[in-house]
Every structure is written in C-alpha cells, then in structure tokens.
Amino acid sequence: MIRSIQPPVLWTLAGILVALITATLLSQWLKRANPNKDYSELVQRVNSWWWMAGIFALAVALNVNVAIGFFTFLSFLALKEYLSLIPTRRADRRVLFWCYLAIPIHYYWVYDRWYELFVIWIPVWMFMLVSARMVMIGDTKDFLRAVGTLQWGMLTMVFALSHLAYLLVLPERIGQTVGGAGLVLFVVLLTQLNDVAQYVWGKSFGRNKITPTVSPKKTAEGLLGGVLTTTAVAVWLAPILTPLSPAHSIAVGLIIGIGGFLGDVTISALKRDLNVKDSGSLIPGHGGILDRVDSLTFTAPLFFHFMKYFYY
Amino acid sequence: MARLLRWIFFGVIARFVALIVLGLNVRHRERLPAAGPCLLVANHNSHLDTITLMTLLPLRLLPRVHPVAAADYFLRNRLLAWFALKVIGIVPINRTRSRPDEDLLAPVKESLERGDILIFFPEGSRGDPEKLTEFKGGVARLVERFPHVPVVPVFMHGLGKALPKGEAILVPFFVDVFVGEPLHYGGDRDAFLRELRARMDALAVEGSFPPWT
C-alpha cells in the first residue's frame with residue numbers, strides 16, 4: 001500500500017533535490033576552476049548525499065512500513081559498526097547475538113504502535129537481559145566495561161535512532177495532513193542542515209575552540225552560526241511540515257541546533273577514545289554510518305519528546 | 001543443475017551474508033586479478049573466509065574460481081562432499097601422503113594449468129580466530145612449478161569474530177579486507193615464504209583493530 005504523498009512533503013523533497021543539484025554543480029565548478037586542487041573527497045561527499053537523500057526520501061515518502069524497515073536496517077548498521085569499533089569479549093558472542101535480535105523486536109513495537117513497550121524495551125528489559133545473559137556466561141574479567149559499552153550502544157544506535165520511526169506512527173491530528181512523514185523529514189533535514197551550517201560557519205568565522213580536547217575543529221562561532229541558521233530554517237519549515245506554533249518552532253530550532261552539536265561531539269569523543277578517525281568506510285567521503293547519524297542520536301529523541309509532550 | 005546452485009549460492013546467498021549481514025571494507029580492490037591463472041593467498045580464521053573471498057571477484061569469473069581445501073575434512077561424508085565439490089567447487093587435497101611418492105598438490109597443479117583462480121590458505125587450518133599462525137610450505141612448492149602465476153596476498157579481519165572455529169552462531173561484524181600487491185616466485189622456497197609472510201604482516205598493520213579476547 002503506497003500512501004499518497006502529501007504536497008508539503010513533495011515540495012520539501014523538491015527543495016532537497018534543488019539543493020543537491022546546486023551542490024553538484026558547485027563542486028563540479030570548483031573542480032573545473034582549480035584543476036590543481038584535489039576535490040575528490042568533496043565530489044564523493046556530494047555523490048553520497050544523493051544516495052542517502054534518495055534512499056531516505058524513498059523510504060519515508062512511500063509507505064510507513066517501508067520506512068520502519070528502513071530505520072530497522074539503519075539501527076542494525078549503526079550497532080554493527082559500533083560493535084566492530086569497540087573492544088568486545090569473545091565470551092560475549094551470544095550476548096551480542098541477542099542484542100542484534102532485539103532490534104527487529106524493538107521496531108515491532110513501533111509497527112504495533114505499542115508506545116509503552118517501545119519506551120521501556122531497551123532501557124528496562126534489554127538492560128536486564130543483557131546483564132543477566134552475560135552473568136550466565138560467567139566471565140567477570142572486564143564485566144563492567146563489557147556490559148556498560150553494550151548498553152550504551154543499544155541505547156544510542158537502536159533506542160535513540162528509533163524515535164525517528166516512532167514519529168511516523170504518531171496518531172493523526174485533526175486538521176493536519178502531513179503527519180509523521182512530515183515530522184521525520186523536518187527533524188532529519190534540520191539535523192543534517194545543522195551539521196553543514198555549523199561546519200560552514202566554523203570554517204568561515206571560527207576562532208574560539210569550544211571542545212579543544214574532543215573535536216578541535218569545533219568553534220563557538222560555528223555553533224552559534226549553525227544554531228541560528230537551523231532555528232531560522234525551522235521557523236520557515238515548521239508551518240509546512242509540522243503542527244508547531246511559531247514560538248515552539250523557535251524552541252525546536254534551538255533544541256536541534258544544540259542537540260545536534262552534542263550528539264556530534266559525543267560520537268567524536270567515542271572515536272577519539274578508540275583512536276579512529278572515521279567510524280567506518282560505508283559512505284564514501286563521509287566515513288561510516290555513525291559519522292552521519294551522530295547528531296541524530298540526540299536530536300531524534302529530543303524532538304520526539306518535545307512533540308509528544310506538546311502535540312500528541 | 002549444480003552450476004545453477006553454485007551461481008545462486010555465491011551470487012545470492014554468499015553475497016547477502018558478506019555484504020548485508022557482515023559488510024566489507026575492501027582496500028586496494030584494484031589489485032585483485034581480472035583473469036586466471038592466479039593464486040589468492042589469505043589468512044584463515046573462519047568458514048566465512050572462502051565465502052568472502054569468492055564475493056570479491058565478479059560473478060563472471062565464478063566458473064574459474066576454486067578454493068583449495070582439505071579432503072579429509074570436506075569429503076568426510078557424502079552430503080558434505082557433494083556440497084563442497086559441486087556448490088563450493090573446492091579442489092580437494094590430502095594433507096598426508098598415503099604413498100611416499102604421492103604428489104599432494106597434483107590436483108591443484110592441474111587446476112592452475114587450466115587457468116583457474118585458486119584460493120589458498122597457507123596456514124593450513126582455521127586455528128585460533130584472528131591469530132596468524134605459521135605458513136606451511138605447500139604454497140611455495142606449488143608456485144615453484146608455476147613461477148609465472150601471480151600470488152595475491154589478502155589479509156582479512158573480523159570473520160574470526162563473526163564465526164570462529166567450533167561456533168554455530170554467526171554474529172555480525174564489519175570485516176576488513178586488505179588486498180596486497182601480487183608477487184611471484186623468485187627461485188627459493190624459504191625466501192618466497194618469508195616474503196609472503198612479510199607482505200601479509202604489512203597488510204595486517206594497515207588496519208587498527210579493537211581488542212577481542
């Protein structure tokens with residue numbers, strides 16, 4: 001069953017298309033204008049944006065269940081990347097196996113619109129299950145590290161990201177037609193835009209390092225410029241895609257701007273601790289999945305609970 | 001029939017496992033051979049090693065690609081023997097001589113003469129996962145007869161974590177595959193083995209792998 005795509009969603013997707021075409025033309029023009037400089041990473045980055053935007057748009061715009069399946073797979077990729085990066089114990093293979101199995105179960109609660117179980121399945125049930133299974137195996141060497149890193153991974157890669165999927169199944173509101181797809185599009189678009197805006201502002205005007213030991217390229221100017229840009233776009237897009245009031249759209253812009261920054265530097269801290277530059281190599285020019293969804297691990301649950309509290 | 005099954009196994013099932021369930025990070029893919037004869041020499045940690053190596057090459061080469069595998073293990077019962085020979089397409093070799101003058105590598109040599117791409121694990125067995133053990137001499141004795149055949153070293157990490165020896169449950173991990181420059185036999189068995197081992201060690205340090213104990 002294909003849901004008829006709502007005009008506001010279509011318009012937003014058309015906007016993304018224009019932005020991608022602009023980015024492609026710009027990168028090609030840069031390459032042409034400075035033949036001596038190496039722009040292969042930029043070109044790769046833009047190419048990958050086409051793929052990511054295409055897959056995401058197709059999944060979210062077509063059908064709710066396809067979208068839930070898409071986010072299930074995204075969580076699987078993110079958790080797999082995380083578990084491949086961190087130290088794990090051979091003894092815990094079966095515990096890791098249960099954690100992978102918990103992903104489709106978790107997203108089943110989304111499909112089933114079972115909100116109460118959705119919010120406790122990982123933080124309560126899996127929290128106990130992972131510890132219990134690990135204790136049954138009985139290896140206490142590095143137990144706390146193993147159980148802690150696994151729980152952190154489940155919360156970040158599965159639970160936090162899955163809030164995007166639950167946005168899709170929030171009940172319909174009278175008088176509002178865009179629905180869940182509009183909300184997902186809104187928070188994902190703003191989060192990615194916020195990443196780019198913070199980067200561009202920081203690169204242009206950045207002076208004062210804000211997280212020198214974690215991510216030395218992040219600056220206060222980049223953060224401020226990014227948050228303001230994101231808030232401005234939030235105020236503009238909110239009436240098209242969401243039921244947000246003007247005052248609330250400002251609040252959401254600030255939340256996504258700051259939350260996105262915090263999610264980004266959190267994954268940066270993780271990578272620095274593990275001594276890797278990129279979390280993987282799945283997305284040419286970007287790195288791994290975690291490099292792309294880092295900000296979303298914060299903005300998705302924050303935006304979701306804001307919406308849930310005020311509107312649903 | 002068997003050819004179709006083989007095509008489905010490597011074209012669909014093996015690719016699904018290697019690319020979706022696991023996920024490969026391949027470095028220097030361009031160093032892989034475009035045609036046979038060639039020897040792909042890899043470290044051995046898991047049954048998944050062969051599946052992964054087979055998916056690195058395009059499907060049109062599939063009829064030419066064969067893993068060299070121990071006859072005593074893979075031909076130990078009829079069902080497994082059928083699967084190993086017809087679907088996986090192994091070139092079976094005995095690990096111990098039944099007569100003092102038996103040439104254990106004879107089937108492999110025939111295959112190379114036909115122009116096949118062979119997958120060879122010089123460690124001889126999977127051993128402890130993610131640990132590189134001593135190379136056995138078979139590979140040197142083989143290329144001594146085929147000095148023109150390029151030997152491509154491939155280092156893989158992660159498959160031993162995903163499915164180590166003696167485990168039945170596959171746990172997904174991303175897998176690193178580093179392909180080395182092709183090398184040729186230079187006239188001395190020991191020197192060749194040392195060079196091969198050095199290439200493999202050099203590939204291994206290209207990656208940084210988290211502790212797994």
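Numbered from 1 within each chain, the chains take letters A, B, ... in sequence-line order. Computed over heavy atoms, backbone and side chain alike; hydrogens, waters and symmetry mates excluded.
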Are Thr88(A) and Lys161(B) side-chain neighbours, meaning at least one heavy-atom pair lies under 4.5 Å?
yes
Report the distance from atom CG of Asp92(A) to atom CH2 of Trp212(B), rounding to the nearest 0.5 Å.
10.5 Å
Side-chain donor or acceptor of Arg94(A) paired with backbone N/O of Ile169(B) under 3.5 Å
no
How close do Pro172(B) and Lys80(A) get, heavy atom to heavy atom, and via which atoms?
CB-CD, 3.8 Å
Of all of Leu170(B), Thr213(B), Asn25(B), which one pairs up most often with chain A through heavy atoms under 4.5 Å apart?
Thr213(B)
Ranked by heavy-atom pairs below 4.5 Å to chain A, first place among Ser208(B), Ala162(B), Gly23(B), Gly158(B) goes to Ala162(B)
Nearest heavy-atom neighbours spanning Pro164(B) and Arg90(A)
CB-NH2, 3.6 Å
So for Ile86(A), is it side chain, backbone, both, or neither that comes closer than 4.5 Å to the heavy atoms of chain B?
backbone
Over all atoms of both residues, closest heavy-atom pair of Pro87(A) and Pro210(B)
N-CB, 3.7 Å
Minimal non-hydrogen separation, Leu83(A) against Phe173(B), with atom names
O-CE2, 3.5 Å
Would you name the heavy atoms of Phe76(A) and Ile20(B) that are closest together and state the gap between them?
CE2-O, 3.5 Å
Need one label for Leu282(A): side chain, backbone, both or neither, based on atoms under 4.5 Å from any heavy atom in chain B.
side chain
Side chain, backbone, both or neither of Leu22(B) within contact of chain A (heavy atoms, under 4.5 Å):
backbone
